[in-house]
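Notes to accompany the following structure.
Below, read A as the first sequence line, B as the second, and so on, with proteins coming before strands; counting in each chain starts at 1.
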Protein chains: 2
Amino acid sequence: MKDKDKTMEDCSKKILAVRDALEIFSGKWKIPIIGALIHFEEARFKDLQNIIGGITSRMLSKELKELETNLLITREVIDTRPVTVKYKITSYGKSCQDVIFSLYQWGAEHRKVIIGK
Amino acid sequence: MKDKDKTMEDCSKKILAVRDALEIFSGKWKIPIIGALIHFEEARFKDLQNIIGGITSRMLSKELKELETNLLITREVIDTRPVTVKYKITSYGKSCQDVIFSLYQWGAEHRKVIIGK
DNA sequence: CAGAATCCGGTCAGATACTG
DNA sequence: CAGTATCTGACCGGATTCTG
């Protein structure tokens, strides 16, 4: 096997892992939601909608379900009147910190570049 | 202004930067493409298609154009017969390293979690 | 408050075929 | 080799309305 083939194979394997991650975080809102929940540790539905901005209840609801399915957050119904619901980040969810932080950093830098033009 | 409001505002601002980044990297293929070009510094169209795997020429072409527009990569036509085209990562494109690496790391960890079940 | 239900347009992305 | 052209189904995600 040639050297080039080996490094190509390595790269392809890495790309598979990246694609796995991208699938979990797919869509417009998951990363912002996780980011907000890492920031606040826990929040209610309406809070999240305010923090994130621009997301409809339909979308927020859908994305929260997927995140719960993937064990990144938990959902807890509190018996008040009217009911409130508390979303919390899991320890597994916290493992996304690096990803989100690097995205934030890059995005912030990118903003400067854009504005600079 | 209450304390909570301040931290909410902070979080919302960060989310904006994250959303900027997500927009640039939107779609299924841009991150893998950038990753491959960081790994190899430069590659040809067909190479990229092989490395990434599963992407159609239509998609690859489209994504490469967007990446070039955003100054993350360059395109150079080489006058051979038949023509070859060399795509290279720019120094700005290299600034995505951290993002991609953290995605790779998380994805690799996530794989273990999934397989472990 | 925290959603569910319904409707709907847009675009994403795959399959396939073709070109210089 | 490095794309372009065309077609098409899927689904993403917004708007709106309604409910316990």
Legend entry - Ion pair check, K86(B) and E41(B), cut-off under 4.0 Å: no
Legend entry - Test item: S12(A) side-chain N/O and I52(B) main-chain N/O as donor-acceptor pair under 3.5 Å: no
Legend entry - Partner set under side chain to side chain contact (heavy atoms under 4.5 Å, CB included) for T80(A), not counting sequence neighbours: I78(A), T84(A)
Legend entry - Contacts of type ring pair (Phe, Tyr, Trp, His ring centres under 6.0 Å), residue F25(A), not counting sequence neighbours: W106(B)
Legend entry - Span of DNA chain D, from the first to the last nucleotide whose atoms fall under 4.0 Å of chain A heavy atoms: dG13(D) to dA15(D)
Legend entry - Close approaches to DNA chain C from residues 11-40 of chain A, in residue order (heavy atom, under 4.0 Å): none
Inset, instruction - Return the set of residues passing side chain to side chain contact (heavy atoms under 4.5 Å, CB included) with Q105(A) (not counting sequence neighbours), or none when no residue passes. - result: F101(A)
Legend entry - D47(B) vs T56(A), nearer the 5' end of DNA chain D by closest nucleotide: D47(B)
Inset, instruction - Starting at atom CE of M59(A), determine the distance to atom P of dC7(C), rounded to an integer number of angstrom. - result: 17 Å
Legend entry - dG3(C) OP1/OP2 closer than 4.0 Å to side-chain N/O of Y87(A): yes
If you restrict it to nitrogen or oxygen atoms, what contacts under 3.5 Å exist between nucleotides 17-20 of chain C and the protein, and what is each distance?
none

Inset, instruction - Please state whether the phosphate of dA4(C), meaning OP1 or OP2, lies under 4.0 angstrom from any side-chain nitrogen or oxygen of S61(A). - result: yes
Inset, instruction - To the nearest 0.5 angstrom, please state how far the CD1 atom of I100(A) sits from the CD1 atom of I38(A). - result: 4.0 Å
Inset, instruction - Sort and list the pairs that fulfil ring-ring contact (aromatic ring centres under 6.0 Å, His included) and have at least one residue in residues 36-58 of chain A, not counting sequence neighbours. - result: none
Legend entry - Rounded distance (Å) that lies between atom P of dA4(C) and atom NZ of K62(A): 13 Å
Inset, instruction - Can you sort out the partners of E23(A) under side chain to side chain contact (heavy atoms under 4.5 Å, CB included), two or more places apart, ordered by chain and number? - result: none
Inset, instruction - Examine distances only and state if a side-chain atom of S61(B) and a backbone atom of S57(B) form a donor-acceptor pair shorter than 3.5 Å. - result: no
Inset, instruction - Identify, with sequence neighbours excluded, every residue that meets salt bridge (charged side-chain N to carboxylate O under 4.0 Å, His left out) alongside E66(A). - result: K30(A)
Legend entry - side-chain contact (heavy atoms from CB on, under 4.5 Å) between K65(B) and R75(B), intermediate numbers included: CA-CA 9 Å; K65(B) 262 178 202 160; R75(B) 193 185 106 113; over 6 Å; no
Legend entry - Closest-nucleotide ordering on DNA chain C, the 5'-leading residue of K86(A) and R58(A): K86(A)
Inset, instruction - Provide, to the nearest angstrom, the distance between the CD1 atom belonging to I55(B) and the P atom belonging to dC12(C). - result: 14 Å
Inset, instruction - Round to a whole Å and report the spacing from CZ of F45(A) to P of dG3(C). - result: 5 Å
Legend entry - Which residues share a side chain to side chain contact (heavy atoms under 4.5 Å, CB included) with D98(A), sequence neighbours left out: S102(B)
Legend entry - With R111(B) via salt bridge (charged side-chain N to carboxylate O under 4.0 Å, His left out) - residues at least two apart: D20(A)
Inset, instruction - Report the secondary structure of DNA chain D in dot-bracket form, marking unpaired bases with a dot and bases paired to a different strand with |, and treating Watson-Crick or G-U pairs with both distances under 3.5 Å as paired. - result: ||||||||||||||||||||
